[in-house]
Amino acid sequence: MADESLITVEGTVDAVIFSNPENGYTVLDLDDGENLITVVGSMAEISEGDRIKATGSYSSHASFGTQFKALTVEVRLPEGAAAIERYLACGAIRGIGVAMAKKIVRAFGDKTMEIIEKQPEQLATIRGISMEKAMLIRQEFNKVFGMRPLMIFAAQNEIPASYAIKAWKIYGSMALELIKADPFTLCSGGVSLPFANADALRRRLLIDDRAPCRIEAGLVHTLKKSQLEGHSCYPRELLERETAELLNVEPVIIRLSLRELAGRELLWLEENSGESLVYLENTLSAERYIAGRLALMLKSVPDLCLNWDRHIKQLEDKSGIQYADLQKKAVAMAMNLPVMILTGGPGTGKTTTLNAIIRLCKSMGEKVSVAAPTGRAAKRVSELTGCEARTIHRLLGVGFDENEEQKFIHDEKNLLNCDVLIIDETSMLDCLLFESLLKALRLSCRLVIVGDDDQLPPVGIGSVLRDMISSGCIGTVKLTQIFRQGAESLIVTNAHAIISGKMPELKRRDGDFFFLYSPSREDTIKTVLQLCSERLPRAYSYSPLWDIQVLSPMRVGGLGSAELNRRLQAQLNPPGDDTEKKPEIKYGGIIFRLGDKVMQTKNNYNIEWLREGASPEEDENGSGIFNGDIGSIIFIDKKSGALKIAFDDRVAEYGFEQLGELELAYAVTVHKSQGSEFEAVIMPLAYSGGRTYYRSLLYTAVTRAKKLMILVGQPESVRLMVENVNSNFKYTCLSKFIRREMGIE
């Protein structure tokens with residue numbers, strides 16, 4: 001049913017103010033014959049002078065005034081011989097100039113546009129137009145108008161224009177025909193329309209519930225959903241049951257379709273520990289490559305079996321540090337083995353050992369590169385080692401392929417130039433990124449993998465660090481001895497108690513770890529607000545923004561990071577009074593205010609930043625802000641639609657359209673905090689617990705605190721988390737693949 005509140009405007013495009021080629025979002029001025037109308041929305045490529053028809057509604061924008069928000073935009077073909085000739089003569093279709101336009105319109109009159117679109121071979125009857133040129137003219141016509149039927153179809157079927165534009169870019173003139181035959185085409189191939197939207201289109205097209213295209217798409221959708229939960233594969237039994245429930249069809253239909261897809265090698269089956277697991281191509285390829293490459297390194301580069309005792313003793317003499325036996329073993333393994341893993345909890349000397357490895361490698365004249373999965377993790381390892389570290393993305397470099405898709409600059413054809421690569425915080429490393437990293441390594445490059453396997457697995461797909469350790473094929477040293485400084489810290493001793501399945505000490509009041517009882521959710525929130533705004537700044541001179549970090553086990557709910565951010569923002573950065581209100585902008589239900597603490601939530605290689613030097617000549621420009629980077633808003637200008645954010649010593653400029661990549665960061669989830677450390681951490685706990693309350697999450701939260709850790713809630717919540725060990729399990733086969741490649745299975 002048509003929405004009666006929608007209206008239509010029609011006219012000539014006076015100016016295209018902004019256009020995003022990726023999603024078609026465009027801002028333009030439309031001349032309707034009486035007024036200039038600002039039209040915004042996703043639309044096909046439009047040029048000045050095009051005549052368009054837009055359907056939508058007017059709205060008032062705080063910064064830009066009245067705008068027409070278009071739900072659909074149709075480029076209208078010029079009508080009448082005179083209008084068609086004027087249009088063609090202006091060069092709108094490449095290959096037709098003033099003289100040629102006159103000839104074509106003289107021959108075909110009002111039917112000129114129809115001839116070009118449907119019968120281009122008739123153009124060859126005109127002197128000066130060969131059949132080849134006629135086809136080129138039709139090809140150029142399709143670039144301008146060919147998307148029109150697809151856009152109309154999308155609008156009629158409530159498919160957002162941005163998805164139609166992606167489909168056109170991928171499938172071209174075949175897009176509409178393909179979509180009508182199989183609407184789930186829109187779910188794949190880089191279009192990525194949500195399954196529910198494609199299924200709704202399927203119903204409109206009267207395609208049967210049991211159509212093979214729907215069953216196949218449902219299986220793929222369920223697998224992709226499992227990937228979002230971090231699984232690289234999924235049990236066949238679960239996949240069949242969940243897909244049958246999603247599609248409301250008999251399980252036998254799902255089973256037959258799965259068998260057919262496996263036969264066509266669109267899905268893959270693997271047996272692991274007696275369980276049948278199903279893969280999509282991307283994760284199967286990644287895990288198999290990782291296993292094969294690690295095996296190749298281990299087999300091709302022999303263990304040097306050299307004695308490094310004398311060199312380690314020299315390091316001890318220079319640094320004044322006496323290394324423990326396990327630390328010495330780790331250093332020697334890093335020098336002898338092509339791949340080794342260094343793991344251990346807080347206070348066990350992991351950083352000291354890493355520093356020894358770096359110094360010894362450099363003393364041997366080797367080129368050492370250090371990287372970590374996130375920007376904050378890279379910054380932290382740089383501070384701890386004094387060795388410049390980069391994110392893995394920055395290490396590999398980002399470029400674009402011939403299809404303008406992002407790709408890493410360093411790959412099999414452009415290898416990294418280093419003798420030793422050290423990857424820190426590897427517990428955060430997912431299998432797809434690790435695959436790309438290994439592809440860029442020289443076979444002779446030694447790989448030192450550092451991380452705490454007791455922490456949370458990566459948010460992304462797979463569990464690389466745990467799988468490599470559990471394979472038993474890679475030399476691993478797990479540091480277990482807590483050194484004197486760590487033994488004096490309740491943060492350290494409680495972290496080790498938690499990961500061992502023991503309750504942490506909650507009654508002590510003389511250390512760096514405190515538990516504050518709270519009888520209710522509201523009381524918990526009030527305690528957190530007081531700690532951030534008054535008690536900790538007063539007692540420890542901590543900055544509420546930069547020294548204190550609130551961590552939540554979850555994103556949603558009364559004690560989720562979203563609600564905590566709303567309350568903390570009101571407490572720590574209120575809007576001001578009527579006489580002096582702080583500039584702010586609302587986006588996606590979130591208010592971003594001058595002075596707010598914010599976090600970047602996705603890698604964006606195009607955001608430009610400036611690092612100011614002592615003089616203008618020493619200023620440094622760069623680009624790229626990455627997932628997990630935390631900064632503060634220092635400038636908001638509604639007129640220009642821009643804001644500036646200070647990330648440590650860099651200032652980056654954002655357009656308002658990029659606010660979807662930001663979230664408030666007074667409180668963040670424990671997952672988002674991985675790789676970071678904070679002077680003080682406050683963690684509110686709900687009594688009821690839930691699926692996010694498990695041991696490794698509590699352990700990870702506690703190990704984020706450098707000097708002070710405070711839990712607020714009930715002891716029962718802590719007990720629930722300590723006892724729950726299985727909530728972060730992931731289905732993978734990487735460990736099995738490594739053993740297979742090494743000839744063990």
Kindly write out the residues that satisfy ring pair (Phe, Tyr, Trp, His ring centres under 6.0 Å) with [X], not counting sequence neighbours, or none if the list is empty.
{"X": "Phe68", "value": "Tyr58"}
{"X": "Phe195", "value": "Phe184, His221"}
{"X": "Phe647", "value": "none"}

For [Y], is there any backbone N or O sitting under 3.5 Å from a side-chain donor or acceptor partner on [X]?
{"X": "Arg293", "Y": "Leu438", "result": "yes"}
{"X": "Lys439", "Y": "Phe434", "result": "no"}
{"X": "Asn621", "Y": "Leu610", "result": "no"}
{"X": "Glu287", "Y": "Thr732", "result": "no"}
{"X": "Asp430", "Y": "Pro458", "result": "no"}
{"X": "Thr601", "Y": "Glu661", "result": "yes"}
{"X": "Ser232", "Y": "Tyr731", "result": "yes"}
{"X": "Asn157", "Y": "Phe153", "result": "yes"}
{"X": "Tyr279", "Y": "Cys733", "result": "yes"}
{"X": "Lys730", "Y": "Gly462", "result": "yes"}

Point to revise | Ion pair check, Glu270 and Arg288, cut-off under 4.0 Å | key: yes
Check your understanding: What pairs of residues pass the salt bridge (Lys or Arg N to Asp or Glu O under 4.0 Å) test when at least one of them lies in residues 224-235, not counting sequence neighbours?
Key -> none
Exercise for review: Evaluate the side-chain contact (heavy atoms from CB on, under 4.5 Å) criterion for residues Leu432 and Asn282: first the C-alpha distance (whole Å), next the side-chain angles of each, then the deciding distance (0.1 Å), finally the verdict.
Suggested key: CA-CA 8 Å; Leu432 299 179; Asn282 65 330; 4.2 Å; yes
Indicate yes or no: at least one non-hydrogen side-chain atom of [X] is less than 4.5 angstrom from one of [Y].
{"X": "Cys431", "Y": "Ile290", "answer": "yes"}
{"X": "Val27", "Y": "Tyr25", "answer": "yes"}
{"X": "Val398", "Y": "Ile409", "answer": "no"}
{"X": "Val39", "Y": "Gln67", "answer": "no"}

Nearest 0.5 angstrom please: [X] [atom1] to [Y] [atom2], how far?
{"X": "Glu584", "Y": "Leu643", "atom1": "CD", "atom2": "CG", "answer": "13.0 Å"}
{"X": "Met428", "Y": "His671", "atom1": "CE", "atom2": "NE2", "answer": "10.5 Å"}
{"X": "Ile585", "Y": "Ile633", "atom1": "CD1", "atom2": "CD1", "answer": "10.5 Å"}
{"X": "Asp596", "Y": "Leu664", "atom1": "CG", "atom2": "CG", "answer": "5.0 Å"}
{"X": "Phe141", "Y": "Lys118", "atom1": "CZ", "atom2": "NZ", "answer": "9.5 Å"}

According to side chain to side chain donor-acceptor pair (under 3.5 Å), who are the partners of [X], at least two apart in sequence or on a separate chain?
{"X": "Arg555", "value": "Glu663"}
{"X": "Arg202", "value": "Asp199, Asp209"}
{"X": "Glu260", "value": "Arg264"}
{"X": "Thr222", "value": "Thr243"}

For [X], give me all partners under salt bridge (charged side-chain N to carboxylate O under 4.0 Å, His left out), at least two apart in sequence or on another chain.
{"X": "Asp182", "answer": "none"}
{"X": "Glu10", "answer": "Arg51, Arg76"}
{"X": "Asp31", "answer": "none"}
{"X": "Asp629", "answer": "Arg650"}

Any chance [atom1] of [X] has more than 12 other-residue heavy atoms, nucleotides or ligands included, within less than 6.0 Å?
{"X": "Glu412", "atom1": "CD", "answer": "yes"}
{"X": "Glu177", "atom1": "CD", "answer": "no"}
{"X": "Glu121", "atom1": "CD", "answer": "yes"}

Practice item. Begin with the C-alpha distance, continue with both residues' side-chain angles, and end with the deciding distance and a verdict on side-chain contact (heavy atoms from CB on, under 4.5 Å) for Val9 and Asp32. Key: CA-CA 7 Å; Val9 296; Asp32 70 352; 5.8 Å; no
How close do [X] and [Y] get, counting heavy atoms only, and between which atoms?
{"X": "Pro194", "Y": "Tyr163", "value": "CD-OH, 3.7 Å"}
{"X": "Val278", "Y": "Leu269", "value": "CG2-CD2, 3.5 Å"}
{"X": "Asn627", "Y": "Thr374", "value": "O-CB, 4.1 Å"}
{"X": "Leu205", "Y": "Lys180", "value": "CD1-O, 3.9 Å"}
{"X": "Gly624", "Y": "Arg394", "value": "CA-NH2, 3.7 Å"}

Practice item. Would you check if there is a donor-acceptor pair between the side chains of Asn197 and Glu158 at a distance under 3.5 Å? Key: no
Check your understanding: In terms of side-chain heavy atoms, does Tyr587 have a donor or acceptor partner in Gln658 at a distance below 3.5 Å?
Key -> no
Check your understanding: Checking side-chain hydrogen bond (donor to acceptor under 3.5 Å, both in side chains) for the pair Glu242/Tyr234: CA distance, chi angles, key distance, verdict?
Key -> CA-CA 11 Å; Glu242 291 179 13; Tyr234 209 51; 2.8 Å; yes
**Study point:** Candidates Val249, Asp208, Leu219 - the one meeting side-chain contact (heavy atoms from CB on, under 4.5 Å) with Arg214
**Key:** Val249
